[in-house]
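Encoded as structure tokens, the structure appears first; notes follow it.
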There are 4 protein chains.
Amino acid sequence: MDEVRRPGRPRDSARHEAILEAVREVLLRDGYAGLTMEKVAAAAGVGKPTVYRRWSSKATLVADAVLHSFLAAAPEIAPAGGRQQHATDTGTSTGTSTSTSTSTSTSTSTSTSHQMTVWFRAYATSVGDPHHAAMILALIAAAAESPHDARNLYEHHTRAQYEIIVDCLRSGVTSGEFRADADLEAVADALIGSVLYQLLTRTGHPPPRRAEHLLDVLLTGLRTPDHRP
Amino acid sequence: MDEVRRPGRPRDSARHEAILEAVREVLLRDGYAGLTMEKVAAAAGVGKPTVYRRWSSKATLVADAVLHSFLAAAPEIAPAGGRQQHATDTGTSTGTSTSTSTSTSTSTSTSTSHQMTVWFRAYATSVGDPHHAAMILALIAAAAESPHDARNLYEHHTRAQYEIIVDCLRSGVTSGEFRADADLEAVADALIGSVLYQLLTRTGHPPPRRAEHLLDVLLTGLRTPDHRP
Amino acid sequence: MDEVRRPGRPRDSARHEAILEAVREVLLRDGYAGLTMEKVAAAAGVGKPTVYRRWSSKATLVADAVLHSFLAAAPEIAPAGGRQQHATDTGTSTGTSTSTSTSTSTSTSTSTSHQMTVWFRAYATSVGDPHHAAMILALIAAAAESPHDARNLYEHHTRAQYEIIVDCLRSGVTSGEFRADADLEAVADALIGSVLYQLLTRTGHPPPRRAEHLLDVLLTGLRTPDHRP
Amino acid sequence: MDEVRRPGRPRDSARHEAILEAVREVLLRDGYAGLTMEKVAAAAGVGKPTVYRRWSSKATLVADAVLHSFLAAAPEIAPAGGRQQHATDTGTSTGTSTSTSTSTSTSTSTSTSHQMTVWFRAYATSVGDPHHAAMILALIAAAAESPHDARNLYEHHTRAQYEIIVDCLRSGVTSGEFRADADLEAVADALIGSVLYQLLTRTGHPPPRRAEHLLDVLLTGLRTPDHRP
DNA sequence: GAGTAACCGAGACGGTACGTCATGTCTTTAG
DNA sequence: CTAAAGACATGACGTACCGTCTCGGTTACTC
């Protein structure tokens, strides 16, 4: 907020984006192992110190590049609604959620499952895209290679999205659609982890409709008895 | 099958194990990123060519080392029974499996859920061990870094264990405990993926009892209506 | 001529001399065969790339090191006079150069022979010194090992000295002391070649006074009849 | 002479020549620096230990290979006559060597210079041949690289030829053609050294007729006054 | 508008590790 | 005991990157 004005020539923000773009370019071509700071600098038309001045390690650089592009585009495929709506939804969804639902309540009674389905399908599809797959694999590699560096970044950058998912699930609980005692974060971990695991072990050959099938089991397990089919 | 005797001095199998042991030693000390072929060779008391003669890349070497130690020890924590029993179980589990399933009942009606619970708790605990965590992170790093190399190894080496889990689940279907239409592999992916995702993002600070909570939801989602509590 | 300033950090000229000095040090200790780029880099307190950045091969490096030290010091033992004087000598030496050449005479009649004698004795003595012998053997090894590399360097660096010798002989021709039809370069080759051949085949055990004896025959063969004793 | 019959399988003498031939083949293709024991063994269709069993170092192996081929063929270009004749010549050549020469004496009075000329021209020509040049360069490289190894070999293998030349010159002294006080070995060194020096510095571009020109000066310098033109 | 301070590109620097090759020894099977 | 084959420990090869530094030069704030 205070943003101290330091003396001297300010950093050129155009370089910033050029470097991140170069990272994504190299990542697609050579993968995480094949990415070097020198290649990135060269591809960005920038000197090495300019890169190091802004990112102290390959892991943080890659994390930034991936999260600012892929995940910055990903919110669009976050569960419809998310945080903001959840507040308003709270009041409307009564415990019973039977037939006496208003025009909006009918939608909410099923909408959480539906929202999750829509979101997860989009998420899984997105991860299936080779470009995105390369980005996520890079992120995984960065995290796995240097757990210390990556812990911060991972949590720091992905927390927002993660919480959107959990909030979405929570709105299902509030509406009575889901069991109140369910561990929603466990479900979120399973959803994301499942996709990442498939990415690691079956890149390029994802089993069809696996995402829907998993959701089917999970949502059934989450639902309160009177919401089950 | 008859193992043709090739000319020349045969490879010293003692080196093989020495190298794999050295990999695990270095992995624990320095992590995947800090592991170099030179360190491994030195730690194993072996020349670099002896390493390269057997493993062409860091990824395959690490994968072998991890899978031959951790996962060779892991089968002990596979779901009790597994393949063999699944055949015998088939006959015993009648569709009825009435309501009289007490806590001590050895009946099949709860055994699959129970087996899964026992296994998954052991699995999650095992992954929580720092030694094992380091090994698995290395495996993930290897797979993420060079998808091509790792795909073969991953699938090749982990398929057996993976199928044991799926078989266990399938015996639950056969016994009528689980829904026949469930995608068991999706469930297996979610279980394993969930643990790996937590390992990546929360190493050292695993949320307590998350594993049980996930299983709770999944098993509930899997059960046939008359098996639900 | 104006030395274009190239971009980037300029090369540190101190490293240059440090490396050449290291080469000479290693050469004395281990000989040409025992000299490795790694030893040189280590002895110079320098990274290997810094060596390779300046010299692409062991042969060129050794040639530079030897020629910039030994031969840079050697001009002092070039035939007294050399190029510059040769022009002035021309006028002084009259064709007659009568019989009155005593031992102390500064006359031109004996000066060329004398100059050659003084130079060649010094040259042979210099080559007899173990330090110099090691340097020259290294130069020979470099030249013999990679004829292509060495041709350039050899010709490039030794041409100056070689021509001083030939010029000295030529002044003897001009003064009438030597036959006009003699192949002076053949004589220079024989003088140098003779010493090198002895170095190769009798290192450490040079036959005494061989240099004088050779010169005796060669100068006699060069002299015009009325200059012969 | 005694040739103790040792137990076990005797060495296959065919390998010996195969290895030497392989050395020459590799030497022509890759030069001395590019010759390795492994290449030689492979080219000879032989195991490395078989090579090491017979030659303990690259230098000795190369020396043997070169001297047993090139120099074994070279004696044919030794000065006609050589040792044997020198004994018979002794008696015939009287000190005066004036006009009172017999039918054979006229021939001997000039034949030494002639013999030397014929030999040296052949020698220089032979060294000009690329195959021979490569061999001799290899020999020089071996000698320069490891003076210790090479001293023995050089002296050991080339002494015979060297003495033939000196003997030839000595017969010129005996016949009165050459000065009695000349250092014949100095002359031999100059002849051989001159050729080697040119080989080192001007491979492929030998100055024409340099050999004759050198001999001209040397023989003139060697001749007794009444033999001079 | 002159300082000044941080930026920029380029690239040299001391290092570390790479993956390959050659060394000379040793071990195996075969003759 | 020799032979071919080839594994072995060792160590140098020449290259690629690392992360830091030093250049000449630029750009923007501050006096």
Side-chain angles (χ1 to χ4, degrees), chain A residues 5-15 34-42 44-58, chain B residues 5-15 34-42 44-58, chain C residues 5-16 34-42 44-58, chain D residues 5-12 14-15 34-42 44-58:
Chain A
R5 222 5 183 148
R6 289 187 301 157
R9 173 177 174 176
R11 288 188 184 165
D12 184 344
S13 62
R15 315 289 175 193
L35 179 141
T36 70
M37 298 300 248
E38 292 207 325
K39 274 189 204 166
V40 169
V46 141
K48 273 197 293 176
T50 300
V51 178
Y52 280 106
R53 215 173 277 129
R54 297 156 193 246
W55 292 277
S56 62
S57 74
K58 172 172 160 176
Chain B
R5 213 39 184 111
R6 289 190 301 150
R9 176 175 172 174
R11 290 190 182 165
D12 185 343
S13 63
R15 314 292 174 190
L35 179 144
T36 69
M37 298 300 249
E38 291 205 327
K39 275 187 204 165
V40 169
V46 142
K48 272 198 291 178
T50 299
V51 178
Y52 281 106
R53 209 173 280 127
R54 295 154 195 249
W55 293 277
S56 61
S57 74
K58 174 171 158 176
Chain C
R5 214 32 183 115
R6 289 189 301 147
R9 175 175 174 175
R11 290 190 181 167
D12 185 344
S13 62
R15 313 292 172 192
H16 208 88
L35 180 143
T36 69
M37 298 301 249
E38 292 205 327
K39 275 188 204 165
V40 168
V46 140
K48 270 197 294 177
T50 299
V51 178
Y52 281 107
R53 213 174 277 129
R54 296 154 194 249
W55 293 277
S56 61
S57 74
K58 174 172 159 176
Chain D
R5 204 47 182 105
R6 288 186 300 158
R9 175 173 170 176
R11 287 191 184 168
D12 185 344
R15 311 293 175 191
L35 178 142
T36 68
M37 298 301 249
E38 291 206 324
K39 275 189 203 165
V40 169
V46 142
K48 272 197 295 177
T50 300
V51 178
Y52 280 106
R53 212 171 281 125
R54 296 157 194 243
W55 291 277
S56 61
S57 75
K58 174 172 158 176

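Toward the 5′ end of DNA chain E lies the nearest nucleotide of A:Val46, the other residue of the pair A:Val46 and C:Pro10 mapping further downstream. With the nearest nucleotide of DNA chain F identified for both B:Ala44 and A:Pro49, B:Ala44 has the one nearer the 5' end. Mapping A:Gly45 and D:Thr36 onto DNA chain E by nearest heavy atom places A:Gly45 closer to the 5' end of the strand.
Residue B:Thr50 has no polar side-chain atom (N or O) positioned under 4.0 Å from OP1 or OP2 of F:dA7. Distances shown here put a side-chain N or O of D:Arg15 below 4.0 Å from the OP1 or OP2 atom of F:dA4. An OP1 or OP2 oxygen of E:dC8 is reached within less than 4.0 angstrom by a side-chain nitrogen or oxygen of A:Arg54.
For C:Glu38 and F:dT15, the CD to C1' distance is 13 Å, given to the nearest whole Å. Remark: P of F:dT2 and OH of D:Tyr52 are 18 Å apart, rounded to the nearest angstrom. As rounded to whole Å, 14 Å separates atom C1' of E:dC21 from atom CG of D:Leu35. We find that NZ of C:Lys39 is positioned 7 Å from P of F:dA12, with the value rounded to whole Å. Between A:Lys58 atom NZ and F:dC18 atom C1' the separation is 11 Å, expressed in whole Å. When rounded to the nearest whole Å, the span between CZ of A:Arg9 and P of E:dG3 equals 20 Å. Rounded to an integer number of Å, the gap from CE of A:Met37 to C1' of E:dG15 is 17 Å. In this structure, the CZ atom of B:Arg53 is 12 Å from the C1' atom of E:dA22, given to the nearest Å.
Here CZ of D:Arg15 is found 11.0 Å from CZ of D:Arg53. Values are rounded to the nearest 0.5 Å.
D:Lys39 and D:Gly34 make their closest contact through NZ-O, 2.7 Å (heavy atoms, listed as atom of the first residue, atom of the second, distance). Between D:Trp55 and D:Met37, the closest heavy-atom pair is O-CE, 4.2 Å.
A:Arg11 is linked by a side-chain hydrogen bond (donor to acceptor under 3.5 Å, both in side chains) to nothing, counting only residues two or more places apart in sequence or in another chain. C:Lys58 pairs by the side-chain hydrogen bond (donor to acceptor under 3.5 Å, both in side chains) definition with nothing, not counting sequence neighbours.
Within the 4.0 angstrom heavy-atom criterion, base atoms lie near B:Gly47.
The base of E:dG11 has none of its N or O atoms less than 3.5 Å from a complementary donor or acceptor on the side chain of A:Lys48.
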